[in-house]
Asker: 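What follows is a structure written as structure tokens; I'll ask about it next.
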Amino acid sequence: MNQTKRVKRDVSGWVVLNKPYDMTSTEAVGKVRWLFAAKKGGHAGTLDPLATGILPIALGEATKTVPQVQDGRKIYRFSVKWGEATATDDAEGEVVATSDIRPAREAVEAVLPRFTGTIQQVPPAYSAIKVDGERAYDLARAGETVTLAAREITIEALCLLDHAEDRSSFEVECQKGTYVRSLARDIAEALGTRAHVIELHRAAVGPFTDAVAVTIAQLEAAAEGAARDALLKPVAAGLVGVPEIRLDPQQAAAIRHGNPVLLTGATAPVMLEDAWASFKGAAIATGYVEAGQFHPRRVIL
């Protein structure tokens with residue numbers, strides 16, 4: 001990656017990146033930041049190097065809205081290989097167990113309802129979860145036995161897309177904290193066999209989907225400056241689905257100074273745990289509503 005030093009800019013917005021195969025999320029953020037010469041950047045939810053798909057990258061002031069995007073629903077399409085379990089639950093790890101059982105389509109479809117709704121899931125040993133201050137994958141790679149506690153997750157929809165003797169493809173719509181690798185592992189175990197993920201594509205994160213994604217090649221092809229900046233989504237694009245509070249000029253001025261404002265009108269909310277304030281369509285703060293007042297948590301410049 002060319003990391004030629006350049007003058008950094010105060011550029012803000014979202015790059016909805018279709019992350020390529022075999023690139024880490026950190027590398028993707030670094031590449032996008034370099035392309036836009038952005039002073040600040042981050043992403044809304046790690047995507048494994050061997051996975052492709054939606055990696056929302058926040059530049060500048062958009063980084064203040066990362067939690068709202070990261071907490072949104074996610075859609076994954078994934079394929080599993082039946083008969084082999086790996087140390088990492090994907091194609092990167094060594095095979096640690098095998099099975100001769102190849103489930104029939106009807107058996108696979110019959111077991112899927114067990115994995116919808118609110119369920120318990122044990123994350124993979126090779127994950128970024130911290131154990132006594134250390135990442136689980138670092139401990140696993142060092143040869144230590146990693147035992148992670150089950151966590152409550154929510155899977156809103158799970159369906160079988162395609163089925164063959166040695167592999168099947170699925171689509172899952174889920175909430176944050178869901179590990180597709182664990183889901184594949186657990187589906188296989190429920191069928192009395194073994195499996196691991198061989199393909200993984202994230203098709204949606206919060207309001208961002210494949211339909212609005214751009215590739216690194218498209219970013220590189222756009223002329224530096226206005227043409228490339230035109231591929232940025234506004235900061236407010238990450239807040240679709242979060243209640244919006246529209247402010248008048250006086251309220252907006254108060255919010256920009258970090259002060260709460262009283263909301264008036266018959267439809268003004270009284271209580272909201274999460275909301276964002278806008279002025280003339282632009283996001284100026286994220287916050288909450290309590291006793292009829294909007295309180296800013298993060299002011300967006």
Asker: Looking only at non-hydrogen atoms, find the nearest pair between V240 and P207 and report the distance.
Answerer: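 The pair with the smallest heavy-atom distance is CB-CB, 3.9 Å.
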
Asker: Could you report the tightest heavy-atom contact between P243 and L272, atom names first, then the distance?
Answerer: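 Reported closest heavy-atom pair: CB-CD1, 3.8 Å.
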
Asker: Would you check if M271 and E290 make a side-chain contact, meaning some heavy-atom pair closer than 4.5 Å?
Answerer: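 Sidechains of E290 and M271: in contact.
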
Asker: Within a reach of under 6.0 Å around CD of E94, are more than 12 heavy atoms found that belong to other residues, nucleotides or ligands?
Answerer: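 No, because the 6.0 Å sphere around CD of E94 holds 12 heavy atoms or fewer from other groups.
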
Asker: Apply salt bridge (charged side-chain N to carboxylate O under 4.0 Å, His left out) to the pair R77 and E171, showing each step before the final yes or no.
Answerer: CA-CA 4 Å; R77 298 188 187 102; E171 180 176 281; 2.7 Å; yes

Asker: Parallel, tilted or perpendicular: which describes the rings of F208 and W14, with under 30° parallel and over 60° perpendicular?
Answerer: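 F208 vs W14 ring planes: tilted.
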
Asker: Is any side-chain heavy atom of K39 closer than 4.5 Å to a side-chain heavy atom of R9?
Answerer: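 Side chain of K39 against side chain of R9, heavy atoms only: no contact under 4.5 Å found.
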
Asker: Quick one: closest heavy-atom pair of I57 and A28, and the distance?
Answerer: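 For I57 and A28, the tightest heavy-atom pair comes out as CD1-O, 3.8 Å.
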
Asker: Using a 4.5 Å cut-off on heavy atoms from C-beta on, say whether the side chain of L247 contacts that of F294.
Answerer: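 Not in contact.
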
Asker: Would you check if D89 and V197 make a side-chain contact, meaning some heavy-atom pair closer than 4.5 Å?
Answerer: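 Side-chain contact under 4.5 Å: no.
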
Asker: For V214 and Q218, which heavy atoms make the closest approach, and how far apart are they?
Answerer: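 In terms of heavy atoms, the two residues are closest at CA-OE1, 3.2 Å.
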
Asker: Step through the shown structure and confirm whether more than 12 heavy atoms of other residues, nucleotides or ligands are within 6.0 Å of CG on D248.
Answerer: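 Enclosed: over 12 neighbouring heavy atoms sit under 6.0 Å from CG of D248.
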
Asker: Give the intermediate values and the outcome of side-chain contact (heavy atoms from CB on, under 4.5 Å) for residues H201 and D210.
Answerer: CA-CA 10 Å; H201 178 83; D210 279 337; 3.0 Å; yes

Asker: Do Y288 and E273 have side-chain heavy atoms sitting under 4.5 Å apart?
Answerer: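 Heavy-atom side-chain distance check fails, nothing below 4.5 Å.
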
Asker: Determine whether I300 and T65 make a side-chain contact, defined as any pair of heavy atoms from C-beta on separated by less than 4.5 Å.
Answerer: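 Contact flag for I300/T65 side chains = yes.
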
Asker: In terms of heavy-atom contacts, does NZ of K64 have more than 12 from other residues, nucleotides or ligands at under 6.0 Å?
Answerer: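 Enclosed: over 12 neighbouring heavy atoms sit under 6.0 Å from NZ of K64.
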
Asker: How close do V66 and A58 get, heavy atom to heavy atom, and via which atoms?
Answerer: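 Distance-wise, the nearest heavy atoms are CG2-CB, 3.8 Å.
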
Asker: Could you tell me whether the side chain of L183 reaches within less than 4.5 Å of the side chain of I155, counting heavy atoms only?
Answerer: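 Side-chain contact under 4.5 Å: yes.
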
Asker: Using side-chain heavy atoms (C-beta onward) and a distance below 4.5 Å, is F36 in contact with L232?
Answerer: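 SC-SC contact between F36 and L232 confirmed.
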
Asker: Quick one: closest heavy-atom pair of A149 and P123, and the distance?
Answerer: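 In terms of heavy atoms, the two residues are closest at O-CD, 3.4 Å.
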
Asker: Check whether more than 12 heavy atoms from other residues, nucleotides or ligands sit under 6.0 Å from atom CZ of R246, and answer yes or no.
Answerer: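 No.
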
